[in-house]
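The structure under discussion appears below in the form of structure tokens.
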Amino acid sequence: MEITIATRAEDYSRWYTDVIAAAQLADYAPVKGCMVIRPNGYAIWERMQRALDDMFKETGHRNAYFPLFIPESFLKKEAEHVEGFAPECAVVTHGGGKKLDEPLFVRPTSETIIWDSYRNWIQSYRDLPLLINQWCNIVRWEMRTRLFLRTTEFLWQEGHTAHATEEDARQEAMRMLHVYRRFAEEWMALPVLYGEKTAAQKFAGAIRTHCIEAMMQDGKALQAGTSHELGQNFARAFNVTFLNEKGGREFVWATSWGVSTRLIGALIMAHSDDKGLVLPPKLAPIEVRVIPVFAKQPEKVGTAAEALRKELSQTLRVDMDARESASPGWRFVDWERSGIPLRVEVGPRDIDNHTAMVVRRDTGEKTSLPREGLADRLAELLMAVQKNLYDRALAFRNAHTYQVDDYEDFKRLIDERPGFYYAHWNGSSVVEAKIQEETKATIRVLEHDVEASPGKCMVTGEPSSRRVVFAKAY
RNA sequence: CGGGGUGUAGCGCAGUUGGUCAGCGCGCCUGCUUUGGGAGCAGGAAGCCGCCGGUUCGAGUCCGGCCACCCCGACCA
């Protein structure tokens with residue numbers, strides 16, 4: 001199949017969808033706003049799942065599964081929550097050929113149905129903390145969708161925890177925020193800002209929402225993960241109490257946190273290039289592809305390539321493209337747009353010289369390496385690729401991060417050169433809304449762990465204790 | 001929901017003022033020759049021309065209606 005990929009410069013959003021098509025990550029589904037995640041795309045999700053799931057388990061969480069359908073009455077129990085989600089819910093009104101007595105909402109998130117269970121599970125402080133995660137699909141009826149970034153149905157994980165004190169819940173929310181930060185940095189090779197959302201942008205039903213924010217190659221921000229402090233809102237709504245050590249009855253404190261298949265979109269937009277997908281080795285389903293160049297000695301080359309594949313497979317995720325019907329050039333391009341970090345060519349010359357030709361996807365760098373000890377060298381190279389992708393993304397973010405103090409400058413610059421803008425803000429939701437209205441940019445994050453730097457709000461001139469991060473966002 | 005665009009073979013497209021307009025490229029299948037950056041030749045399969053209804057002797061082509069999808073905006077992870 002002939003596949004062409006638009007360049008990022010000529011049409012960024014076209015480039016994005018072209019990369020997905022070329023790498024066969026996903027197709028558009030017959031249902032508007034939905035996608036078919038193809039094996040290549042799903043394999044990336046599986047690697048993400050495995051890494052994240054391990055991190056969740058290490059932090060004491062267990063997996064469970066709650067129903068897809070949520071009674072309408074459940075959703076209505078928490079006022080702010082239902083207000084936030086009702087407009088984007090799919091609702092089942094009929095089942096078994098009959099109209100249902102009570103409509104069933106397809107979960108847009110599972111707080112309500114989970115807290116209904118927690119009421120029964122939690123009696124005493126000895127039952128706390130309760131640390132549960134679930135992997136599932138959810139549905140949000142979005143007006144405008146994009147493959148992976150925003151689809152009507154998507155896959156995610158949602159952690160839901162219950163704690164005896166506000167402080168415990170707060171620490172849990174922060175712990176998971178940092179799990180996400182580490183995952184982004186170490187696995188996705190994606191530098192992120194982390195901190196708190198403004199009141200206007202927090203999750204419906206939360207006290208505070210924390211997030212990680214990444215920069216894409218067009219300078220726009222992408223929220224890549226969220227962690228919420230839910231206070232006692234859901235405990236009150238579902239009457240979930242526990243007896244403390246002194247025999248007193250208290251409402252429990254909650255958190256929830258999630259990341260979704262959107263992360264695959266983040267991966268694509270952070271690292272890929274005009275030739276196609278680029279994957280960080282740690283998340284690449286295949287780390288190394290062996291490509292035999294048959295030339296005049298197909299049997300000799302085939303045997304050597306298979307031996308190499310087998311040997312490398314002992315320590316690396318390897319596959320081989322030994323199609324004799326496809327020319328080497330074709331197979332190189334195929335490897336390129338698939339985003340596999342390393343390519344190893346095996347041809348007659350390599351065999352004679354006891355070497356292999358190794359090519360990096362991230363830099364295109366081509367090196368002839370000794371056949372002896374190749375697996376170890378490839379492992380080192382994979383680490384180098386992983387690091388380079390992170391460094392490159394960080395350098396890009398730094399190059400597109402600015403400070404601005406004058407609102408007129410801001411209005412102009414946010415259009416002229418998209419990126420992260422550090423600016424002072426007076427903390428007012430009204431001002432925040434005005435800025436969004438006039439520039440389409442939003443406050444992405446109030447960063448944690450940064451030093452106070454007093455200044456004046458760029459809009460009102462009122463005092464501000466610190467700069468916040470503005471950007472246009474996906 | 002507004003603005004823009006597109007529906008013809010698996011993918012990308014062409015198809016003039018209605019009359020061999022059912023076509024091209026890529027892919028796919030068969031055979032032979034090839035193989036260190038998108039191979040060549042020969043043969044072959046494949047299309048309800050988005051849907052419905054008009055006009056007409058005759059409609060991818062003209063008219064009316066509908067539907068779907070993509071892109072750009074308003075909601076959101």
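All values below come from the heavy atoms of this structure, side chains included, with hydrogens, waters and symmetry mates left out. Order of the sequence lines fixes the chain letters, A, B, ..., with proteins taken first and strands second; residue numbering starts at 1 for each chain. Worth saying up front: this structure is predicted, and the values here are computed from it rather than measured.
One interatomic measurement links the two molecules: CZ of A/R14 to P of B/G4, which rounds to 21 Å at whole-angstrom precision. Remark: C1' of B/A74 and CD of A/E142 are 13 Å apart, rounded to the nearest angstrom. A/E437 places its CD atom 15 Å from the P atom of B/G73, with the value rounded to the nearest Å. If you take CH2 of A/W15 and C1' of B/C70, they are 18 Å apart, rounded to a whole angstrom. Between the CD1 atom of A/I291 and the P atom of B/G38 there is a distance of 13 Å, rounded to whole Å. In this structure, NZ of A/K472 is placed 20 Å from P of B/A77, rounded to the nearest angstrom. The CG atom of A/D27 sits 11 Å away from the C1' atom of B/C11 (whole-angstrom rounding). The separation between A/K440 atom NZ and B/A74 atom C1' is 7 Å, rounded to whole Å.
As the counterpart of B/C62, B/G54 is assigned, both hydrogen-bonding distances of the Watson-Crick or G-U wobble pattern falling under 3.5 Å. Base pairing annotation: B/G12 forms a Watson-Crick or G-U wobble pair with B/C24, both donor-acceptor distances under 3.5 Å. The partner of B/U34, taking Watson-Crick or G-U wobble pairs whose two distances both stay under 3.5 Å, does not exist in any strand shown. Within the shown strands, B/G5 is the pairing partner of B/C69 under the Watson-Crick or G-U definition, both distances less than 3.5 Å. Pairing for B/G43 is with B/C29, a Watson-Crick or G-U wobble pair whose two hydrogen-bonding atom distances lie under 3.5 Å. Look at B/C49: it lacks any Watson-Crick or wobble partner with both distances under 3.5 angstrom.
Each of A/Q171, A/M176, A/E172, A/H178 was scored for a side chain to side chain contact (heavy atoms under 4.5 Å, CB included) with A/M174, with one residue passing: A/H178.
Contacts between residues 180-209 of chain A and RNA chain B, counted as heavy-atom distances below 4.0 Å, involve no residue at all. Of the residues in residues 62-84 of chain A, not one places a heavy atom less than 4.0 Å from an atom of RNA chain B.
Side-chain N/O atoms of A/Q134 and A/S110 include a donor and acceptor closer than 3.5 Å. A donor-acceptor contact closer than 3.5 angstrom is absent between the side chains of A/Y118 and A/E111. In this structure, a donor-acceptor pair under 3.5 Å is absent between the side chains of A/R371 and A/N353. Side chain to side chain, A/T226 and A/T209 fail the donor-acceptor criterion of an N or O pair below 3.5 Å.
Counting non-hydrogen atoms under 4.0 angstrom, A/R144 reaches a base of the nucleic acid. A/S13 comes within 4.0 angstrom of the backbone, heavy atoms only, and of no base. Across all strands shown, A/L222 has no heavy atoms under 4.0 Å from either base or sugar-phosphate atoms. When heavy atoms are screened at a 4.0 angstrom cut-off, A/T152 is found touching no nucleic acid atom at all.
Atom name C1', nucleotides B/G27 and B/U16: the rounded distance is 29 Å, in whole Å. B/U35 and B/C49 have their P atoms separated by 44 Å, with the value rounded to a whole Å. The same atom, P, is picked in B/C51 and in B/C11; the two are 15 Å apart, to the nearest Å. Between B/G37 and B/C41, the two C1' atoms lie 23 Å apart (nearest whole Å). Using C1' as the reference atom, B/C57 and B/G44 are 37 Å apart when rounded to the nearest Å. B/C69 and B/U17 are spaced 31 Å apart, taking the C1' atom of each and rounding to whole Å. If you take atom P in B/G31 and the same atom in B/C24, they sit 24 Å apart, rounded to whole Å. Rounded to a whole angstrom, the distance from the P atom of B/G58 to that of B/G18 is 15 Å.
Taking the six-membered ring where the residue is Trp, the centroids of A/F85 and A/F203 are separated by under 6.0 Å. Between A/W115 and A/H81, the ring centre distance reaches or exceeds 6.0 Å.
Around the CD atom of A/E299, the shell of radius 6.0 Å holds no more than 12 heavy atoms that belong to other residues, nucleotides or ligands. Taking a 6.0 Å sphere around NZ of A/K300, one finds it holds more than 12 heavy atoms contributed by other residues, nucleotides or ligands.
Side-chain N/O atoms of A/K32 include none lying less than 4.0 angstrom from OP1 or OP2 on B/C67.
Because its NZ or CZ atom is both nearer than 6.0 Å to the ring centre of A/F332 and within 45° of the ring axis, A/R343 counts as a cation-pi partner of that residue.
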Please step through side chain to side chain contact (heavy atoms under 4.5 Å, CB included) for the pair A/Y16 and A/M269, ending with a clear verdict. CA-CA 7 Å; A/Y16 175 74; A/M269 287 207 296; 3.3 Å; yes

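By the 30° and 60° cut-offs, the orientation of the rings of A/W156 relative to A/F154 is perpendicular.
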Tabulate atom names and distances for all N/O pairs under 3.5 angstrom spanning the protein and nucleotides 33-37 of chain B.
residue: B/U35; atom: OP1; partner: A/K296; partner atom: NZ; Å: 2.8
residue: B/U35; atom: O2'; partner: A/A295; partner atom: N; Å: 3.1
residue: B/U35; atom: O4; partner: A/E324; partner atom: OE1; Å: 3.3
residue: B/G36; atom: O6; partner: A/G347; partner atom: O; Å: 3.1
residue: B/G36; atom: O6; partner: A/P348; partner atom: N; Å: 3.0
residue: B/G36; atom: O6; partner: A/R349; partner atom: N; Å: 2.6
residue: B/G36; atom: O6; partner: A/D350; partner atom: N; Å: 3.2
residue: B/G36; atom: O6; partner: A/D350; partner atom: OD2; Å: 3.2
residue: B/G36; atom: N1; partner: A/D350; partner atom: OD2; Å: 2.2
residue: B/G36; atom: N2; partner: A/E345; partner atom: OE1; Å: 2.9
residue: B/G36; atom: N2; partner: A/D350; partner atom: OD2; Å: 3.0
residue: B/G36; atom: N3; partner: A/E345; partner atom: OE1; Å: 3.3
residue: B/G37; atom: O6; partner: A/R343; partner atom: NH1; Å: 2.8
residue: B/G37; atom: O6; partner: A/R343; partner atom: NH2; Å: 3.2
residue: B/G37; atom: N1; partner: A/E336; partner atom: OE2; Å: 3.1
residue: B/G37; atom: N2; partner: A/E336; partner atom: OE1; Å: 2.5
residue: B/G37; atom: N2; partner: A/E336; partner atom: OE2; Å: 3.4

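In this structure, A/R38 pairs ionically with A/D27, as a charged nitrogen and a carboxylate oxygen lie closer than 4.0 Å. Note on A/D334 versus A/R337: salt bridge recorded, some NZ/NE/NH1/NH2 to OD/OE distance being below 4.0 Å.
Classified by its glycosidic torsion, B/G60 falls in the syn category, the angle being within 90° of 0.
Along RNA chain B, the nucleotide closest to A/C34 and the one closest to A/R262 are compared, and the more 5′ of them pairs with A/C34.
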